Amino acid sequence: MGESIFQQYMRKRNNIVKNRKILQNTHIPEQLPHRKEQIDKIASVISIALSGEKPSNIMVYGKTGTGKTATLHYIGKELKKADPKEMNCSFIYVNCEVVDTPYGVLYNIGNQVTVDPGQKIPFTGWSFEKVYSVLVDMIDNEDKVYVVVLDEIDRMVFKKGDDIFYYLTKINENLKKSKVSLVGISNDMKFLELLEPKARSRLGGESLVFPPYSKLELEDILQERADIAFDPNSIDKSVIPYCAAIAARVDGDARIALDLLRTAADIAERNGDSVITDAHVKSAKNSIEFDVVSEAIKTLSSQSKVVLMSIMLISEKELKMTTGDVYTKYSEISDYCGLSRLTQRRVTDLISELDMMGIINASVKSFGCAGRTKEIELSVPKEMCSLLKNDPLFKNLDRSVRTGQTKLI
DNA sequence: CATCCACAGGAAGATCTGGTAG
DNA sequence: CTACCAGATCTTCCTGTGGATG
């Protein structure tokens, strides 16, 4: 009586993790192991911002989880330490994967520049030119250097937002007092080639590459955080090398290594175990993979769900299929679900999207006289399909359609 | 070696959503 | 209310193409 339902869980939890925040991949540690060279290089370029001069633009390349974002956040923190009141220099960070439109980038920068709420740029409604000129005014209000970091900058070009870079690189020509220095972070080494030439020549200044972490470097990174996050007795010696080994196989991605360690600790705690073991890491690996895919499937648009459902139903009988097969099945199901039927052109795009998300595998292949089309194959385990079948969208889908017994096929 | 299938995928533009501005 | 804006979504129209087949 009177006991909260949560108390049983709290008693069961034996708190292996002392400091959970340390294990989040958003956490910026005091020291970034094995990134001294890159930090020095960037710092040496950026440092003149502190005396009010404009540093060259910088391009940073490296695969996911190689510490690019963490390094830049670290630089930002150090800049703030050197100039706490931001008299000469402000640091602005925008993640282009999150904001992802030209308007959104300007909006985001603008609302980090200004402190005056009456000056805020609205979320939508203004013309691009207006936002740009307001932003220029805001920046020129002061007399200082803005270091603007554009993370995942390659996503923007991919989404056809080329001219935003043109505008940002020429912004200094419209400024009288302040200056803007750009730092672009890209996962793709070919980023500059994809850019329009006029923006390319302006954006390219210094450039540097973050190599993937080796297995041993990953171990250092994990060890450093584990020392703070866990009691040394609550983690098996083999756990850190094991996490590092898995992540090293995926392009030395430190984010994956940290996710594994954190999830393994969570699982151990939830089970009421007192020590984290390799077995926990193994189930962490499965659980992460499952979560990523199921989250992706849940957030698909209705039309994409129907396309994926079609692929799943066909693959119950046939492993591989063509765009035409999918479209036939798609037409049938979308009618059943009461959705409007999209054109085949649009469905090919939806198939390509599913391919890029890694849920399916689709590659163009020529079958001679049987034409040239995409060969499509499900690339997640069959068990994932049940997730989709329970979706309210398909609750009226009758069994004959599900099992492919209809004459329509 | 030309043909021809069954699409791929680019370009341009229409439609819709959710917002500002006057 | 109308006029307008950016962006997502989708359509219409289109040209391009790898390789088995005749």
Side-chain angles (χ1 to χ4, degrees), chain A residues 94-111 114 116-138 150 152-168 193-196 296-311 314 318 320-335 337-357 359-377 393 409:
Chain A
V94 179
N95 190 330
C96 299
E97 200 190 4
V98 180
V99 293
D100 125 312
T101 63
Y103 187 100
V105 171
L106 293 189
Y107 163 81
N108 219 280
I109 296 173
N111 291 341
T114 187
D116 178 4
Q119 235 190 342
K120 285 228 164 195
I121 298 170
F123 170 66
T124 172
W126 286 8
S127 74
F128 189 85
E129 274 69 25
K130 176 161 185 181
V131 178
Y132 180 75
S133 75
V134 167
L135 179 64
V136 168
D137 289 346
M138 280 178 181
L150 300 168
E152 317 255 354
I153 191 172
D154 41 338
R155 307 272 169 151
M156 288 290 303
V157 179
F158 182 68
K159 282 222 164 190
K160 214 62 198 129
D162 272 37
D163 21 328
I164 179 70
F165 299 120
Y166 176 70
Y167 276 96
L168 283 176
E193 287 169 34
L194 295 168
L195 212 56
E196 269 187 90
I297 290 179
K298 259 186 264 167
T299 53
L300 288 174
S301 70
S302 299
Q303 292 286 7
S304 293
K305 279 180 186 167
V306 175
V307 173
L308 182 57
M309 181 56 124
S310 317
I311 295 169
I314 297 172
E318 221 79 50
K320 294 175 176 181
M321 65 206 83
T322 67
T323 304
D325 300 338
V326 176
Y327 190 68
T328 314
K329 194 79 185 166
Y330 161 84
S331 307
E332 186 189 335
I333 300 177
S334 62
D335 288 351
C337 297
L339 266 91
S340 60
R341 191 191 291 190
L342 301 177
T343 54
Q344 182 158 334
R345 177 70 188 84
R346 180 60 186 149
V347 172
T348 36
D349 280 347
L350 296 182
I351 290 173
S352 299
E353 279 170 29
L354 291 173
D355 179 33
M356 276 194 300
M357 294 170 74
I359 300 175
I360 64 170
N361 238 320
S363 51
V364 279
K365 197 176 165 187
S366 189
F367 295 90
C369 269
R372 187 168 167 272
T373 177
K374 273 196 172 121
E375 192 176 54
I376 299 158
E377 191 180 3
L393 185 64
I409 197 159

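In the text below, chain A, chain B and the rest are named by the order of the sequence lines, each starting its count at 1. All values derive from a computational prediction rather than experimental measurement. Side-chain atoms are counted along with the backbone in the values below, which use heavy atoms only and exclude waters and symmetry mates.
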What one-letter contact string describes nucleotides 14-22 of chain B from 5' to 3', where B marks a base within less than 4.0 Å of any protein heavy atom, S marks contact via sugar-phosphate atoms alone, and - marks no contact? ----BBSS-

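With hydrogens and angles left out, the side-chain atoms of A:Tyr330 and A:Gln303 include a donor and acceptor closer than 3.5 Å. Checked by atom type, the side-chain pair A:Lys374/A:Ser352 shows a donor-acceptor distance below 3.5 Å.
Residue pairs meeting the salt bridge (charged side-chain N to carboxylate O under 4.0 Å, His left out) criterion with at least one member in residues 123-138 of chain A: none, sequence neighbours excluded.
In this structure, A:Asp349 pairs ionically with A:Arg345, as a charged nitrogen and a carboxylate oxygen lie closer than 4.0 Å. Between A:Asp335 and A:Arg341 there is a salt bridge, with a side-chain nitrogen of the basic residue lying less than 4.0 Å from a carboxylate oxygen of the acidic one.
The phosphate of B:dG9 has OP1 or OP2 within less than 4.0 Å of a side-chain N or O from A:Lys374.
You can see that DNA chain C meets the heavy atoms of chain A within a 4.0 Å-exclusive cut from C:dC5 to C:dT21, reading 5' to 3'.
Not counting sequence neighbours, the partners of A:Tyr132 by the side-chain hydrogen bond (donor to acceptor under 3.5 Å, both in side chains) test are A:Asn174. With sequence neighbours excluded, the residues satisfying side-chain contact (heavy atoms from CB on, under 4.5 Å) with A:Asn361 are A:Asp355, A:Glu377, A:Ser379.
Atom P of nucleotide B:dG9 and atom CD of A:Gln344 are separated by 13 Å, given to the nearest angstrom. To the nearest angstrom, C1' of B:dC7 lies 16 Å from CE of A:Met321. If you measure from atom CZ of A:Arg346 to atom C1' of B:dA11, you get 15 Å, rounded to the nearest angstrom. When rounded to the nearest whole Å, the span between CG of A:Asp349 and C1' of B:dA8 equals 10 Å.
Within residues 364-373 of chain A, the residues approached by DNA chain C to less than 4.0 Å at the level of any non-hydrogen atom are A:Ser366, A:Gly368, A:Cys369, A:Gly371, A:Arg372, in residue-number order.
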